[in-house]
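Okay, structure first, notes after.
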Amino acid sequence: MKRSVDREYWESLKKRFYERMIRDRYIGYLDPGIEEVLEKIFRIRNAFPTSSCSGRIYVVDAVYPWMRRGSHVVFKKHAEITEEEMLSITKMPTINSLWLIVSGPIIHVNSFDSGTALKILRVAREAGFKHSGVLSKSRRGYLVEVISGVRLDLLIKRGDMLLINVNNISVFLETINNAFRAGRERLKRFSQALEKLVSEESLRST
């Protein structure tokens, strides 16, 4: 027997997550550049966002960048990195290795029905979020992961050994910031596609 989505429970969740977004905006917790996208998703009758990241540049001290245990985030920014910041990072004391990571936007969307989930998935992939997919279905709804696939892992230091040339730091920064901008550009295209989806839904309801 297939388990159906509980409409009343689903609506209560949407209300709760919207209130959380308003609270996060008030305390400055929302990532820069993500609020417009979240608002548009909330305007879709059968969808709401549950978590999001607009994309970021961060540095971890870890054996490998994917390891959680024993790793420490030593720098994080939801914007392009400057030369002064990069030079400061190269001087940080290091336990294992310093990895600079650029990660693109990621948004999790809860949809009441499969049709809405597939519409969001379609516009996400058209906007460049090629790795997106429907993760699960439960009483809470259909969970869609909208993920850009933008990712850059760069090894900066191993112990006290610096592995980049600070004399060519501008070239290094160009690569990092270009990757960050690629993620933001996909987020912009996704926002535009969502606007069209909201408009189409509004026309059908009139």
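Start at 1 with the first residue, then count along the sequence. The model shown is predicted, which means the values in this text are computed figures rather than measured ones.
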Original post:
Quick one: ring pair (Phe, Tyr, Trp, His ring centres under 6.0 Å) partners of F129, sequence neighbours excluded?
Top reply: F190
Original post:
Do Y29 and Y26 sit in the same hydrophobic cluster, where Ile, Leu, Val, Met, Phe, Trp and Tyr count as joined when their side-chain heavy atoms come under 4.5 Å apart?
Top reply: yes
Original post:
Which heavy atom in R139 sits nearest to a heavy atom in V5, and how many Å separate them?
Top reply: O-CG1, 3.4 Å
**OP:** Kindly indicate, with the supporting measurements, whether the criterion salt bridge (charged side-chain N to carboxylate O under 4.0 Å, His left out) is fulfilled by R181 and E185.
**Re:** CA-CA 6 Å; R181 284 193 290 269; E185 181 58 35; over 6 Å; no
Subject >> G70 versus N96, closest heavy-atom pair with distance >> reply: O-ND2, 4.1 Å
**OP:** Could you tell me the separation between the CG atom of L100 and the CG atom of L154, rounded to the nearest 0.5 Å?
**Re:** 6.0 Å
Subject >> For E8, side-chain hydrogen bond (donor to acceptor under 3.5 Å, both in side chains) partners two or more places apart >> reply: none
Original post:
Same cluster for V150 and I107 if Ile/Leu/Val/Met/Phe/Trp/Tyr side chains link at under 4.5 Å?
Top reply: no
**OP:** Could you walk me through whether K196 and E126 pass the salt bridge (charged side-chain N to carboxylate O under 4.0 Å, His left out) test, one step at a time?
**Re:** CA-CA 13 Å; K196 185 178 178 181; E126 289 174 354; over 6 Å; no
Original post:
Under the 3.5 angstrom rule, does the side chain of S54 hit a backbone N or O of P32 as a donor-acceptor pair?
Top reply: yes
Original post:
Given the rule that I, L, V, M, F, W and Y join up when any side-chain heavy atoms are under 4.5 Å apart, are F172 and L162 in one cluster?
Top reply: yes
**OP:** Would you list the pairs meeting side-chain hydrogen bond (donor to acceptor under 3.5 Å, both in side chains) in which at least one residue belongs to residues 56-65, sequence neighbours left out?
**Re:** none
**OP:** Please determine, by modelled atom types, if T90 and K157 share a side-chain donor-acceptor pair under 3.5 angstrom.
**Re:** no
Subject >> Atom pair CD1 (I120) and CD1 (I44), whose distance is rounded to the nearest 0.5 Å >> reply: 4.5 Å
Original post:
Quick one: side-chain hydrogen bond (donor to acceptor under 3.5 Å, both in side chains) partners of R186, sequence neighbours excluded?
Top reply: none
Original post:
Does V59 reach the side chain of I101, with side-chain heavy atoms less than 4.5 Å apart?
Top reply: no
**OP:** Output all residues satisfying ring pair (Phe, Tyr, Trp, His ring centres under 6.0 Å) with F17, sequence neighbours left out; order by chain, then residue number.
**Re:** F48
Original post:
Looking only at heavy atoms, which two atoms of A62 and S71 are closest? And how far apart?
Top reply: CB-CB, 3.5 Å
Extract all donor-acceptor atom pairs below 3.5 Å that involve side chains of residues 108-117 and protein atoms in other chains or at least two apart in sequence.
| residue | atom | partner | partner atom | Å |
| --- | --- | --- | --- | --- |
| H108 | ND1 | S51 | OG | 2.9 |
| H108 | NE2 | E145 | OE2 | 3.0 |
| N110 | OD1 | W10 | NE1 | 2.6 |
| N110 | ND2 | R140 | O | 2.9 |
| D113 | OD1 | N46 | ND2 | 3.1 |
| D113 | OD1 | T116 | OG1 | 2.9 |
| D113 | OD2 | G115 | N | 3.1 |
| D113 | OD2 | T116 | N | 2.8 |
| D113 | OD2 | T116 | OG1 | 3.2 |

Original post:
Can you name the nearest heavy-atom pair linking I41 to P49, along with the distance?
Top reply: CG2-CD, 3.5 Å
**OP:** Without swapping roles, check the side chain of K76 against the backbone of V60 for a donor-acceptor pair under 3.5 Å.
**Re:** no
Subject >> Nearest-0.5 Å distance, CG of residue L143 to OG of residue S136 >> reply: 4.5 Å
Original post:
Are side-chain heavy atoms of L152 and I57 found at a separation under 4.5 Å?
Top reply: no
Subject >> Interatomic spacing from CG in L13 to CG in D6 - rounded to 0.5 Å >> reply: 9.0 Å
**OP:** Using side-chain hydrogen bond (donor to acceptor under 3.5 Å, both in side chains) as the criterion, list what pairs up with D153, not counting sequence neighbours.
**Re:** R151
**OP:** Verify, without hydrogens or angle tests, whether S88 (side chain) and E84 (backbone) share a donor-acceptor contact under 3.5 angstrom.
**Re:** no
Original post:
If you round to the nearest 0.5 Å, how far is CG of L121 from OG of S132?
Top reply: 6.0 Å
Original post:
What are the two closest heavy atoms between A124 and V146, and how far apart are they?
Top reply: CB-CG1, 3.8 Å
Original post:
To the nearest 0.5 Å, how far apart are CD1 in I34 and CE in M21?
Top reply: 11.0 Å
Original post:
Cluster question for you: counting only ILVMFWY and a side-chain heavy-atom cut-off of under 4.5 Å, with indirect links fine, are L98 and F180 together?
Top reply: yes
**OP:** Kindly state each residue pair satisfying salt bridge (Lys or Arg N to Asp or Glu O under 4.0 Å) with at least one member in residues 18-28, sequence neighbours excluded.
**Re:** K15-E19, R25-E35, R25-E39
Subject >> Neighbour count >12 (heavy atoms, 6.0 Å) for atom CZ, R158 >> reply: no
Original post:
Cluster question for you: counting only ILVMFWY and a side-chain heavy-atom cut-off of under 4.5 Å, with indirect links fine, are V102 and M92 together?
Top reply: yes
**OP:** Please report the C-alpha distance between E195 and E36 in whole Å, then the side-chain angles of each, then the deciding distance to 0.1 Å, and finally whether the side chain to side chain contact (heavy atoms under 4.5 Å, CB included) criterion is met.
**Re:** CA-CA 10 Å; E195 184 65 42; E36 180 182 288; over 6 Å; no
Original post:
What do you reckon, is CZ of R45 surrounded by more than 12 foreign heavy atoms closer than 6.0 Å?
Top reply: no
**OP:** Name all pairs fulfilling the side-chain hydrogen bond (donor to acceptor under 3.5 Å, both in side chains) condition that reach into residues 161-172, sequence neighbours left out, sorted by first residue then second.
**Re:** N165-N167
Original post:
Do any pairs count as a salt bridge (Lys or Arg N to Asp or Glu O under 4.0 Å) and have a residue in residues 85-107, sequence neighbours left out, and if so which ones?
Top reply: K77-E85
Subject >> side-chain hydrogen bond (donor to acceptor under 3.5 Å, both in side chains) involving K130 - partner list, sequence neighbours excluded >> reply: none
Subject >> Residues which pass ring pair (Phe, Tyr, Trp, His ring centres under 6.0 Å) with Y9, listed by chain and number, not counting sequence neighbours >> reply: none
Subject >> Side chains of S52 and I106 in contact at under 4.5 Å (non-hydrogen atoms) >> reply: no
Original post:
Do you know the tightest heavy-atom contact between L155 and I164?
Top reply: O-CG2, 4.3 Å
Original post:
Hey, mind stepping through I81 and I89 against side chain to side chain contact (heavy atoms under 4.5 Å, CB included) and telling me if it holds?
Top reply: CA-CA 11 Å; I81 191 169; I89 290 167; 3.7 Å; yes
Subject >> Backbone N/O of I156 and side chain of W99: donor-acceptor pair under 3.5 Å >> reply: no
Subject >> Flag side-chain contact, heavy atom, 4.5 Å: V166 against M86 >> reply: no
Original post:
Tell me, do Q192 and K188 make a side-chain contact under 4.5 Å, heavy atoms counted?
Top reply: yes
**OP:** Answer yes when E200 and K119 have at least one side-chain N-carboxylate O distance shorter than 4.0 Å, and no when they do not.
**Re:** no
Subject >> Backbone of S191 reached by a side-chain donor or acceptor of K40 within 3.5 Å >> reply: yes
